[in-house]
Each structure stands twice: as structure tokens, then as C-alpha cells.
Amino acid sequence: MEISPREAEVMELVGAHLSNAEIAARLCISVRTVESHVSSLLRKLEVPDRRALARRAPTPARPAPVLPTPLTSFIGRVSERAELTEMIKAYRQVTAVGPGGVGKTRLASAVAAEAAGEYADGVWFVDLVPVTDPGLIAAAVAGALGFGEQSGRDMTESVVAALADRHALMVLDNCEHVVDGVTLFLERLLAACPRVTVLATSRARLMVPFERVYPVPPLSLAVDGESDAVALFMERAAAVGWPLDPPLRDQVAAICERLDGMALAIELAAARSPTLGFDGITTALSHPLRMLTGGSRADDRHRSVRAALDWSHALLEPADRVLLRRVSVFVAPFTAAAAAEVTGDEDAEGLVADGLARLAEQSLLTVTASVGGTGYRALETIRQYGLERLFEAGELIDARSRHLRWCLAQAAGLAVARQDWRVRFDLVADDLRAALTWAADRTEQRADAFELARCLAELTFTRHLTGESQRRYEQAAALATDPAACASMLRQAAAVAGCRTAGDDMYRLRRAAADAARRARDHAGAAADLATAATIAFRFSTTFVRRPSQEEALELITEAREQAGDDPAARAAVALAEAGVLTDAFGAVQGPPGNAVPETRERAERAVELARRTGDPLAESAALDALTGAQSWAGDTFATAATARRRITLLSSLPISPAGTHELIDALGIAAEACLGAGDVPGARRWARQLAGHPSLAEAGHRATCRLLMVAALAGDVDEVLTGSVRFLDAWQRAGSPARSILAPAVAGVAMIHGLRDDLDARHEWQEILGRLGTSPEHTYGYGAVFDAMLLLHHGQAPEALERMAPEPRQVWKQITWIWHHWYVALRSETAVLAESPYARDIVAEARTVVAGNPVAAAIVERAGALLDGDQEALLATTDAFDTAGCRYQSARTLVLAGGDHAERGAVALTALGLAR
């Protein structure tokens, strides 16, 4: 079949080992569309998986370097380029150092562009100017490279995982103001990514052991009669309409010498040459040049750039000097309206706009187009200069305070914005972070800092920057003067940690919230937090690195009981913790091997009733989760599915919040599984697809797709399994291949599908992955037995299948009573019949009673009974039941079992599904 042009593009990027998210970003399409193209390619090329598809892809061209597009030509520096190029070939981390304005960025960009062909995965440029928090270096890198935060990992770990096998050159520009963060990031990056080279630019050395320093010199003033400084001045003067004759070179050389060969100063001088002429420039340079800080703090290099900036500053009108220093508080592009507000000239926006235009003409501001209109931005060297001028003028605190108020207003506006929300947030995010960094250290600004931290936490959560959101909630908690507000922020942080599947953080933050609540004399709130921490330890036990023991959880419950009093919410939280910890309603890893089913159900029902009385849908949802577990232990499969659907109904109308999102993600997964256990394949598929498309899981494809893969495998939807497994494997590997047991059923299902397709190599690969996830009793007797039996029966190995399912259901009840109970019972009846077990008739009779009401399991049992009785009509009647239930594989298998012409039709149906006959 013919491959479309878009499919060819996708295939080439698969061959370049890009993830689906990266391909989507590169081609400006959705991740779901990429998945569809990958699935289509797998079918058309008849290859089993993404790895094989990558091998079939044409050798990709070297990626174009992702570097800033220069607006002007690069002049000279032949020897510097050669020296720096040799250094990055010899060493993995090189820092180009020098004062602001010497030309570090342009030199590094030129060298990177020339070296791009040496790096298979390209060259990347990361501007650190907007970064004011050293902890956000990885976020800046991820943004420049198009990566996102991966579930269960911080941003640094996510970037390291994404670059682990890349051969690339990364330019980190303007490191001087976040050196501590850069050094920590580089230590982790270079240790884990052996084929990544970093070229940094900074005013000072990074001071790390593996660093090689290249001091960037000023432009040459005279080398064999040639001067890079003069050539730069001449070229820039010509660009502004003032071409110079060669006889004037001596005068130009004198000016360049006065400017110490500093590239920025030379460009500024050349830009003013049409209006000032040589006489005016010379006169300006004759003025005494003052240092910004003076004394021993200003070395020669700083003296050069500051002299150039002083000179440029001296040529400005007084009003423009005020404007320049006041807009220096912005770290990202800003509009004239924003400048008017922050500079204190709200009633003179037109005058401010004129002033900004004049500063742009002086090359002191750059102009950019944005959604909000024309944007202005100061180069970092100039911005730092303006800040120091602001300090000298005694205006720094006032300007910073106005900037803080502006940021608070922007954050409040974003909270209710509907259109272009993401773009608007990205435009101001760096300013919000910078304002928060400043305000957080000032006692008099603590209230505003708290409010901004809280807003930023909410905004970053909406932006799906969950790692930063959790940190901002914790920062807000630290800034809160009211312990009750502190407790509230810690609870929100715990909920975000839940969305990140960071169980240890959820537990830690809830216990911290209890401490804060006690300080606020909110004993009921503290009790609820303690009980919730105990619940988290058992409900989300698979997300922990260090799981709290049952004894530790019991101590929390005891303390919670003592403080709960008659408060309804606290009593409900304690009841839920008791159901989870005392009777193992959640089936925790550290739970007891057995539990009394009647007591478990009684405690869970009590927790639901108490939660319902509070009127809190989230509390009721959590209690219903416990009830699904209790109903499952009791073997009440249909009640389990109904309770799971009830959770979805309860949560579906709630506004977006960290706690609500965490609860909904969990509820969707549980509903998909519970419906599958009851034979409601369409319902299970609906919830699983909703989970797979949830925006909060966009960068956690393994978590997003695991339920869908399970459903599709049991239903025999081969295409969906192959498509989803590509996303699953790519995301799982990028997340560091976490050994999460919740992923194991999906992996076992994918392995089975490859077995049904007779693709032994692919099956072996997925079985290896399954081994890395660990072997649990549930695998042995639950999903493992079900998937193994389906595969063995497909290949006619009924005796082996019967041996695999030898234990009676009551012997392994805890491993199969969740979604596997009916599947296990039904398939066991079929293995008994096909293996000609002397107990087959009894097993079938008992199975009919157990699975009654489950359309899929009941059809499997009826098929087994028909085979046992030799009733061809009853056997063929099950095909309609399977088709109605959405299980095309089982329908085709029925035809194969019927033999004769029916078997031929069944073989054709299996081939259409993509399975071996």
C-alpha cells in the first residue's frame, strides 16, 4: 500500500528516534494523529513494532541546528572560531567567558552552526536570560528542546532521560545569574548522557571540575593590517545608511580602540553614527566614564562593557534614561501598556510607547511581535545595567513593587481567561517567576509573595507543569503567615504529587499539612490529614519508593481518632483509613495476605456513608474506591462495576483542581478495569480511551494507555494494541522504565497479542519488559493466567492451558477477584472441555452460575458447554453474543472451533484482525 507524504514524514522522524510528542511538536499535529500514522505504517509495511519501523525508515538527514536566527552578519573572529571549535571536539563541557557585550553569544552560535554536521541529533540553543530561579534550568532546557515533564520524575530527570542516547551539542547561553542551578544540572546531564556536549556562555566560570574555559577576547583592533572591530563598525554603519570610505578607517579604528573592541559598544556607536558623526561620537567618548559599582569589584572586562553602556546611556534624553531603568524589571518581552503600568506612567501610555521606540532605535531594546501586540525586550547585559541604575536612583523597590502588582494582576486575569490561555501564560510566566523570586525574600512583601506563589501554582498546574506546580504550592505554604493557609497549600501540593504518582511526596505533604493544622488549632483538620496520609500509604502503595509500614499507618490512625472529635469530615477520613489499613480494602502491597470480606465491606460502606454526609464529592469518591475493592473481594463483580461508574458520575461535573484531577484519573482507570471485569467491553473501552486522552497524562503515555491496552488485548483489538503499545513503550522508556506493577497487565496483554500474531521476537521483547516489572501473585494467578490461557488455547494447547489454570478460583481468590474473576472462571471451563478433563461438566456447570450476567464470560462458558455437548447450533449462537459484546476475536475463534466451512470463515476473520490462523 502507498505511503502518504505525511506518513513518510512521520516515518523519517521515527527513524530519528523522536517520541510521538516530539514528532507532534515538529509537525504541528496532535499526538493522537501521530499515533494513528504510526499504526497505519505498521500495517502497511507489515512490521511488528516501532523499533522495526525505525529500521525501515530512510536514513534521516542531519537535523538543522536549532539556533537563533541572526539578524545581522557575523564579522571576523576566524581564529576564535577555530580555537573554540577544537575545544568542543576535545571536551564535553566548554564555557566561553567574558564581560557582557563582548560577543559571547554570537561567537558560540557561529561555532555551533559550523559544527552542526558533527552531531547526529543536532544542535540546540537554550537562552537562560528569562530564568530567575536556579531550580528551573531543566525546565528552560526542556522548553527549548520540546520535551515535557515525565510522570513520576522531576524535570531534570525527564530531560536526562530524553537525552540519554542523543548525540547532540547544547548551547547554554547567559549562565552567569543562575550558575548554581547550571552546575547542578550539568553534573547530572553529562554523567548520564555520554554523547551530549555543552557549550556554555557566562560572565564567569561555572567552577565545575570537568569545565574547560575559553576566554572570549574583544574584537581584534589590528591583525596584519586588518581589524575585526573596524570591519564590524563599517558594516553596521553601512546597514543604517552611512557607508564609510576606506580613508576613514583610521578614525573608525580610533573609536573602536576607545571602545576596547567591545562588540556591543561598537554596534551602538555605529548605529548612532548617521546622526552624531565622528565628531559627536568622539565628544561623547571624551566624557568621563564612570563605573557602575566602582572600586575593586569592577575588573577590566566589566569596565569595558560598562563604559560602553555608560556612554550609550549618556546619549539618551533624561526621560528615556528613566524609562530604560524602570523597564529593566521585566525579564520577558513586554508591551507598551505593561511598561506604562510598571513605570508608573499609566496615564501616558502613548508617551511610553514613543520612548520605547526611541530605545529600540538606540539598540537598547529589541522588538518582537506577540499575541498581545508589539513586544519589547532588553538584552540581558543592558537589563542588568538598567537594574543597577535603578538601584542608584533609589527606585528599585518601588519599581519592583509595581512589577509585582502587575504580575499579580496578570495572574488573576489568567485565572479567568478563556482564549489563547496557554500563549498568554507563556508570555508572562518568566516575569511571574522573577517577581516571586524577589518578593519571597522581602518580609514586607510576604503577603503578595504568598498570593503570587499560590496563583502560579494553580496556573502551572493548568499548564500541566505539575512538577513546578507542586513546588509552588510548597513555596506558598512556606510563605503563608496563617498556619491554616499553610495547611491548605500543603494539601494542594499533596494532590499535585498524586497526579505525578509520587506517593512519598503525597504522604510527606499530608503529614506536614497535619502539623500546620495543629498550629492553627484545627484539630479536626489535622485528624483528617493524618488519616488521609494513612489512606495514601495503602491506597497508592505502588507509587512509593519507601512504603510506610502497616504499623506506621496504624499509629497515624490512632492519632487521628484522638483528634477527630465529632467533626464529620475528620470522622469520614478516619473511617476510610480504617477500611484501607485494617481490612485492606485497596489491596495494598504491604497489606495482610488475607482479609475478612464481610468486615472489609462493612467498613467500606460505613466510610462511603460518612463521606456522603460531608457533601464533599472528592471524599465520597475516595470512599467509593474502597468500596469497589471490598465488593471485589466479595466476588460481587457487577456491584464493583456499578460503584466504579458511580465515581465517574460524581466527579465529572467538578471544576478542574489538583485533587479533582487526581481523583478523576484514578476513577477512570478503576472504571475501565471494573467494567472489563463485568464484561462491559464498550464501557471499559470508553473509560480507557478517556483516560488515554487526558491532558494531564500527555507526557506519561505508559500510564495513559495501560488500561486501554488491557481492554484491547482481552477484546482482541489488534490495531489498538499495536498503536497503543508504541506510545506506551516510548513513554515508559523515557520515564526511566519504572517498575510499576500497575503496568504489568497491559504489558502481558501486548505480549499475548504478539503471540497470537506468531511474532515470537516481539513477544519475547514484551515478556522481558514484563519481567522487569516484577512477578506478583496476581501475575501468576490473575492476568498472567488469563492471557497465557488465551494464547495456549489459540494454538491448540488445551492441556497446557488447563495446567496453567489448575488452581480452583476459591484457592486464588484474592489474585483473581478484581477484574480477572469471571475471565479466569470462563476460560478455565473452556480449557477443561478442550483438554477433556473428567471434571469438565462440573466445572462448566459451576462456571455458568458464577459468570451469569457477564456477556463475554457467559458466552465463553456457553461455548464450552456446546463443545462438550456437541451442540453445533448452540456453539454458533455464541458468535452473536461475542459480536454484540465487542469481542471480535472470540467471535472468530468460535467459528474456528465449529470446524468445516465455519473454520475457514473464522480463519479469514482472524486474518482480518491481524492474527495468525
Side-chain angles (χ1 to χ4, degrees), residues 637 675-685 688 708-721 745 748-750 752-757 783 785-798 801-802 804-805 819-835 844 847-848 850-868 871-899 902-917:
T637 303
C675 288
L676 189 62
D680 179 11
V681 174
R685 186 181 289 114
L708 185 57
L709 288 173
M710 189 192 317
V711 174
L714 285 171
D717 294 334
V718 178
D719 285 348
E720 191 146 40
V721 170
V750 175
M752 180 201 71
I753 290 294
H754 284 301
L756 296 178
R757 300 175 71 239
Y783 61 85
V786 168
F787 285 129
D788 287 349
M790 287 180 65
L791 181 58
L792 290 167
L793 289 171
H794 180 83
H795 289 301
Q797 297 173 280
L802 181 60
R804 182 71 177 86
M805 307 191 85
I819 66 173
W820 310 108
H821 188 199
H822 286 184
W823 290 90
Y824 187 93
V825 169
L827 288 169
R828 189 168 181 270
S829 71
E830 184 171 320
T831 63
V833 171
L834 294 177
V844 169
R848 279 197 177 102
V850 172
V851 305
N854 183 319
V856 180
I860 293 174
V861 174
E862 289 306 315
R863 183 173 66 193
L867 289 169
L868 185 63
D871 188 339
Q872 186 83 335
E873 183 178 350
L875 176 65
L876 291 173
T878 63
T879 60
D880 290 337
F882 287 126
D883 287 335
T884 301
C887 289
R888 291 187 296 159
Y889 166 71
Q890 293 295 347
S891 177
R893 175 166 167 72
T894 299
L895 295 174
V896 172
L897 290 171
H902 300 299
E904 271 302 313
R905 288 170 49 213
V908 171
L910 289 175
T911 301
L913 289 174
L915 300 175
R917 301 187 180 193

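- The closest donor-acceptor contact from the side chain of Asn854 to the backbone of Ala857 lies under 3.5 Å.
- Between Phe787 and Trp820, the ring planes lie perpendicular to each other; the angle is over 60°, past the 30° to 60° tilted range.
- Atom CZ of Arg893 is separated from atom CD1 of Ile860 by 9.0 Å, given to the nearest 0.5 angstrom.
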How far apart are the C-alpha atoms of Ile819 and Met710, what are their side-chain angles, what is the distance that settles it, and do they pass the side chain to side chain contact (heavy atoms under 4.5 Å, CB included) test? CA-CA 11 Å; Ile819 66 173; Met710 189 192 317; 3.4 Å; yes
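- One distance of note links CE of Met805 with CG of Asp788; it measures 9.5 Å at 0.5 Å rounding.
- The structure places OG1 of Thr637 at 11.0 Å from CG of Leu676, a figure rounded to the nearest 0.5 Å.
- For Leu875 against Ala898, the heavy-atom pair with the smallest separation is CD2-CA, 3.6 Å.
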Residues Val711, Glu720; criterion side chain to side chain contact (heavy atoms under 4.5 Å, CB included); working and verdict: CA-CA 10 Å; Val711 174; Glu720 191 146 40; over 6 Å; no
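- Heavy-atom neighbours of Arg888 CZ from other residues, nucleotides or ligands within 6.0 Å: at or below the threshold of 12.
- Between Leu895 and Leu876, the shortest heavy-atom contact is CD2-CD2, 4.0 Å.
- Contact of the Glu830 side chain with the Met790 side chain is not registered, since no non-hydrogen atoms from C-beta on lie closer than 4.5 Å.
- The heavy-atom pair separating Ala859 from Ala881 by the smallest distance is CB-CB, 3.9 Å.
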Checking side chain to side chain contact (heavy atoms under 4.5 Å, CB included) for the pair Val850/Val861: CA distance, chi angles, key distance, verdict? CA-CA 10 Å; Val850 172; Val861 174; over 6 Å; no
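- Separation of atoms CD (Gln872) and CG (Leu897) is listed at 10.0 Å; rounding is to 0.5 Å.
- With Ser891 as the partner, the side-chain hydrogen bond (donor to acceptor under 3.5 Å, both in side chains) test is satisfied by one option alone out of Thr879, Asp883, Thr878: Asp883.
- For the pair Ala909 and Ala892, the tightest heavy-atom approach, listed with the atom from each and the gap, is CB-CB, 3.6 Å.
- Under the 4.5 Å side-chain criterion, counting only non-hydrogen atoms from C-beta, Leu910 is in contact with His794.
- Put simply, CG on Asp717 and CG on Leu913 are 8.0 Å apart, with the number rounded to the nearest 0.5 Å.
- The two atoms that bring Val856 and Gly679 nearest to each other are CG2-O, 3.7 Å, heavy atoms only.
- Leu915 and Leu756 make their closest contact through CD2-CB, 3.6 Å (heavy atoms, listed as atom of the first residue, atom of the second, distance).
- Checked by atom type and distance alone, the side chain of His795 pairs as donor or acceptor with a backbone atom of Gly755 at under 3.5 Å.
- Summarising the geometry, atom CZ belonging to Phe882 is positioned 4.0 Å from atom CZ belonging to Arg863; distances are rounded to the nearest 0.5 Å.
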